[in-house]
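The structure appears below as structure tokens.
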Amino acid sequence: MTASEQYRTLAAKLRAKARNEMSAVQRAEWEHLAQCYLRLARQADENSRTDITYEPILRTRLGS
């Protein structure tokens with residue numbers, strides 16, 4: 001399962017939790033969190049289409 005699929009699965013679970021919530025405030029919070037996971041899924045999709053390799057910059061010792 002890809003990262004975007006995992007995020008979408010979590011979003012679906014949160015939406016289901018929101019549907020069963022009695023409190024309007026809590027329901028809105030679950031929905032907001034689900035939207036955040038869907039945003040992460042879209043970002044993961046975009047990232048998977050790029051061919052970028054992250055190579056961290058190694059710090060040298062001070063004074064070297």
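We use all heavy atoms of the structure for the numbers below, so side chains are in, but hydrogens, waters and symmetry mates are not. For this chain, numbers begin at 1 and follow the sequence in order.
- Remark: Asn47 engages no residue in a side-chain contact (heavy atoms from CB on, under 4.5 Å) (not counting sequence neighbours).
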Could you list the donor-acceptor pairs under 3.5 angstrom formed by side chains in residues 24-42, with sequence neighbours left out?
residue : atom : partner : partner atom : Å
Arg27   : NH1  : Glu21   : O            : 2.7
Glu31   : OE1  : Arg15   : NE           : 3.3

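- Between Asp45 and Arg49, some side-chain heavy-atom pair lies under the 4.5 Å cut-off.
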